[in-house]
Amino acid sequence: QVQLVESGGGLVQPGGSLRLSCATSGFNSFNYYAIAWFRTAPGKEREGVSSISTSDDSTEYADSVKGRFIISRDNAWNTVYLQMNRLKPEDTGVYYCAARWGVNSDHPFYTRDFGSWGQGTQVTVSS
């Protein structure tokens with residue numbers, strides 16, 4: 001079974017940086033299309049943040065984070081990272097990673113195409 005564990009969250013002031021890690025277990029990149037980061041704020045729907053493809057390392061970013069966040073991975077897909085720079089209060093939320101098993105939609109963050117959700121890590125951007 002694939003297990004994903006997020007870490008690296010915390011409290012940071014606006015304009016600061018934070019790096020999140022998604023540690024994988026039992027993950028075979030041949031069985032999945034991508035790993036993506038999502039986030040959710042209280043009372044709001046889950047939002048896709050960034051994804052990285054298992055086939056060609058191509059990346060996708062939500063417009064709200066483009067130019068500020070960078071997704072990357074290690075060579076063996078043991079860890080997927082999300083480097084978050086120039087953080088804003090609107091970036092506050094619980095961040096999750098998930099593995100994409102299906103392509104029922106061309107949208108890179110179609111949540112029903114994802115599984116193996118981690119437990120999440122809290123990111124708070126505040127003065």
(message) Within the 4.5 Å heavy-atom criterion, are Arg19 and Tyr81 side-chain neighbours or not?
(response) yes

(request) Group every Ile, Leu, Val, Met, Phe, Trp and Tyr by side-chain heavy-atom contacts under 4.5 Å, then state whether Ile70 and Val80 land in the same group. (result) yes

(message) Looking at Thr54 and Tyr32, would you say the former's side chain and the latter's main chain have a donor-acceptor pair under 3.5 Å?
(response) yes

(message) Tell me every residue that passes salt bridge (charged side-chain N to carboxylate O under 4.0 Å, His left out) with Asp57, counting only those two or more places apart in sequence or in another chain.
(response) Arg73

(message) Strictly by salt bridge (Lys or Arg N to Asp or Glu O under 4.0 Å), give each pair with a member in residues 86-96 just once, sequence neighbours left out.
(response) Arg39-Asp91, Arg68-Asp91

(request) Measure up the Tyr96 and Trp117 rings against each other and bin them: parallel (under 30°), tilted (30 to 60°), perpendicular (over 60°). (result) perpendicular

(request) Would you name the heavy atoms of Cys22 and Trp37 that are closest together and state the gap between them? (result) CB-CZ2, 3.5 Å

(request) Ignoring hydrogens and angles, tell me if any N or O in the side chain of Ser116 forms a donor-acceptor pair with the backbone of Gln3 under 3.5 Å. (result) no

(request) Could you tell me which residues satisfy side chain to side chain donor-acceptor pair (under 3.5 Å) with Ser7, sequence neighbours excluded, listed by chain and number? (result) none

(request) Check for a donor-acceptor pair, side chain of Asp113 on one end and backbone N or O of Asn104 on the other, with a separation under 3.5 Å. (result) yes

(request) Please report the C-alpha distance between Tyr61 and Phe69 in whole Å, then the side-chain angles of each, then the deciding distance to 0.1 Å, and finally whether the ring-ring contact (aromatic ring centres under 6.0 Å, His included) criterion is met. (result) CA-CA 8 Å; Tyr61 296 93; Phe69 291 10; 8.1 Å; no

(message) If I compare all heavy atoms of Phe27 with all of Ala99, which pair ends up nearest, and what's the gap?
(response) CE1-CB, 4.1 Å

(message) Can you give me the closest heavy-atom contact between Gly48 and Ala62, atom names plus distance?
(response) O-CB, 3.4 Å

(request) Find out if a path of hydrophobic residues (ILVMFWY) with successive side-chain heavy-atom gaps under 4.5 Å connects Phe109 to Ile71. (result) no

(request) Treating Ile, Leu, Val, Met, Phe, Trp and Tyr as nodes and any side-chain heavy-atom pair under 4.5 angstrom as an edge, say whether Tyr33 and Ile35 lie in one connected cluster. (result) no

(message) According to side chain to side chain donor-acceptor pair (under 3.5 Å), who are the partners of Thr124, at least two apart in sequence or on a separate chain?
(response) Gln122

(request) Establish whether Val94 and Val49 are linked, either directly or via other cluster members, by ILVMFWY side-chain heavy-atom contacts under 4.5 Å. (result) no

(message) Could you check whether any side-chain N or O of Ser53 sits under 3.5 Å from a backbone N or O of Ser58, counting only pairs where one atom can act as donor and the other as acceptor?
(response) no

(request) Grab the two heavy atoms, one from Ser50 and one from Leu82, that are nearest each other, plus how far apart they are. (result) CB-CD1, 4.1 Å

(message) Please check this pair: side chain of Glu6 against backbone of Gln119, looking for a donor-acceptor N/O pair closer than 3.5 Å.
(response) yes

(message) So, taking the atom named OG in Ser21 and the one named CG in Asp74, what distance separates them when rounded to the nearest 0.5 Å?
(response) 9.5 Å

(message) Distance check, rounded to the nearest 0.5 Å: Met84 atom CE versus Leu18 atom CG?
(response) 4.5 Å

(message) Which residues pass the ring pair (Phe, Tyr, Trp, His ring centres under 6.0 Å) test with Phe114, not counting sequence neighbours?
(response) Phe38

(request) Is it possible for you to say whether Val65 and Val12 belong to one hydrophobic cluster, with membership spreading through side-chain heavy-atom contacts below 4.5 Å? (result) yes

(message) Holding to side chain to side chain contact (heavy atoms under 4.5 Å, CB included), I want the full list of residues that pass it with Ser17, two or more places apart in sequence or in another chain.
(response) Gln83, Asn85

(message) Please check this pair: side chain of Thr92 against backbone of Ser126, looking for a donor-acceptor N/O pair closer than 3.5 Å.
(response) no

